[in-house]
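Have a look at the structure below before the remarks.
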Amino acid sequence: MVKVITYGTYDLLHYGHIRLLERAKALGDYLIVGVTADDFDKTRGKINVQQSLMERVEAVKATGIADEVIIEEYEGQKIDDIRRYGVDIFTVGSDWVGKFDYLNEYCQVIYLPRTEGVSSTELRQSRRAVSLGLVGDADFLNKIEKESRFVNGIRVTGICTRSLDRLSDAIRELGFATEDYEELLERVDAVYIRSQPEEHYAQVKLALERGRHVLCEAPMALSQAQCVELQELAAENKLVLMDAIKTAYATAYARMLLLLKGGRIGKIVSVDAVCTSLRDPAGQDPAEAGRHWDNVYEWGTTALLPVLQLLGGDYCSKSCAVRWFDEGKEHDSFVKADFVYPKAVASVKAGTGVKSEGELVISGTKGYVYVPAPWWKTDYFEIRYEDPNDNKRYFYQLDGEGIRYELVAFAKAVETGKQSFAIDAATSAAICRFMEDFRAGKDLVEI
Ligand code: CTP
């Protein structure tokens, strides 16, 4: 019996795939099809696959052509599979010519002519992309525009800013720039907001009232009540309202949360998160206002994320210390907050004027998680136990600091009409409540 194997992503299964599978099958008696898992595909830069792994597997099975469908989970798996299944022929489309010649050592390699005129990429692109308007003055918008190019389903089409001259050429060439927010809202399906946090609430509200989806850098409002009001407005108008905290969308971070929720370190007793980056004091120059956020927003939000996601927002008490940047006490350079929960504690340190080790440690009754600096760009973490032999290390490739995954999640949410799970409404509201207390000086001492 001649065994044939072929691999692919098979996103939005199309005629080209079916013809390839038919011809692959005709090369022998038994056809094995390897469907590439989401994560592995991400490492090849394809993060815009529209269908889930199971949907793609089901679609391949439904063709009835494959005798066996397997999942390709890791790089290098092809050699393993060829040996394990006793494969005689490896085949793929001619777009891969040369790429798999190394497999000739293990079996015959055949490249089949690719069907002209159809591809998953084109099918994805033919779906109407969400047109996204950028809002704000920060250089960070350059990154968002750049990362959006890796994501199918989203196209940055305009900007509302007071600082166009400072932004990238690509942004200046978008074709539509305005200082009038209403005008931007007229032209786009959705907005990404990175203005000053004081402006968020009004901007988010107006966008939702105008029927636009919103991706907003957290905090989306400066009080819990305002945040809840925005969430309700989004739900009423059936719009997506999502917090943009890139860490939350990093695969490693999301997997770590799942492992912890599954009890891998026992009961969680302490969460300690530190985020710092020293910034030139010139960054606080009023003339530069708009470019940078105050530390409590910039780093406080990210540092709070694992605390609130793992322990929730119902802490019994909180105490917070602040070091101010300026005499007027308007800008902070360092914040340390301690939380006491009924059965746990947490601490966060955030600084733009104080430097520390940017690590995340989560302590439990059976072990702990260690995420080395800079933990907010999570691609690696360890679960450590009393007996080091039990330790486990996890690595997940992180391209683009998490921003492109955040955009993928946003595009998916808009397309499916379902809010993303990455940051839930309660976490979002708890972040806003923290900012509300901070601004009111509640539980706050100065150092
Ligand atoms: N294929 C083909 N003819 C096409 C498209 C794909 O023969 N028009 C083959 C590929 O060469 C590969 C298999 O089908 O052997 C699975 O391809 P996959 O990468 O999943 O699909 P594409 O449409 O090529 O996807 P993309 O546009 O994302 O590259």
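Indexing begins at 1, ligand by ligand and atom by atom, following the structure's order.
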query = What part of His14 sits under 4.0 Å from ligand 1 if we count only heavy atoms: the side chain, the backbone, both or neither?
reply = side chain
query = Taking non-hydrogen atoms only, is Asp95 closer than 4.0 angstrom to ligand 1 via side chain, backbone, both or neither?
reply = side chain
message = Heavy atoms only, cut-off 4.0 Å: how does Leu20 contact ligand 1, side chain, backbone, both, or neither?
response = side chain
query = For Thr6 and ligand 1, does the shortest N/O to N/O distance drop below 3.5 Å?
reply = no
key: ring-ring contact (aromatic ring centres under 6.0 Å, His included) partner of Phe381, the single match among Tyr368, Tyr394, Tyr370   = Tyr394
request  = Cation-pi check, Arg404 to Phe150: give yes when NZ or CZ is under 6.0 Å from the six-membered ring centre and within 45° of the ring axis, no otherwise.
outcome  = yes
ask   = Does the N or O separation between Val118 and ligand 1 drop below 3.5 Å for any pair?
value = yes
note = Of all heavy-atom pairs linking Leu132 and Leu407, the shortest is CD2-CD2, 4.4 Å
message = I'd like to check which ligand 1 atoms, numbered from 1 as shown, lie under 4.0 Å from a non-hydrogen atom of Tyr10.
response = 16 (C), 20 (O)
message = Could you check whether Lys3 makes a cation-pi contact with Tyr85, meaning its NZ or CZ is under 6.0 Å from the centre of the six-membered ring and within 45° of the ring axis?
response = no
task = Could you tell me whether Asp11 and ligand 1 have an N or O pair separated by under 3.5 Å?
result = no
ask   = So is there a nitrogen or oxygen of Thr115 less than 3.5 Å from a nitrogen or oxygen in ligand 1?
value = yes
inquiry  = Less than 4.5 Å apart, side chain to side chain, heavy atoms only: is that true for Thr352 and Leu278?
reply    = no
task = Run the numbers for me: atoms of ligand 1, each under 4.0 Å from some heavy atom of Thr121, listed by number.
result = 26 (P), 27 (O), 28 (O), 29 (O)
Trp293 side-chain N/O to Ser195 backbone N/O, donor-acceptor pair under 3.5 Å = yes
ask   = Relative to atom 15 (O) of ligand 1, which among Gly93, Ala24, Ser119 owns the nearest non-hydrogen atom?
value = Gly93
ask   = So, the side chain of Asn237 versus the backbone of Gly211: is there a donor-acceptor pair under 3.5 Å, distance only?
value = no
query = Between the side chain of Asn104 and the main-chain N/O of Asp101, is any donor-acceptor distance below 3.5 Å?
reply = yes
ask   = If you measure from each heavy atom of Glu122 to ligand 1, is any distance below 4.0 Å?
value = no
key: Contacting atoms of ligand 1, where contact means under 4.0 angstrom from a heavy atom of Val92   = 15 (O)
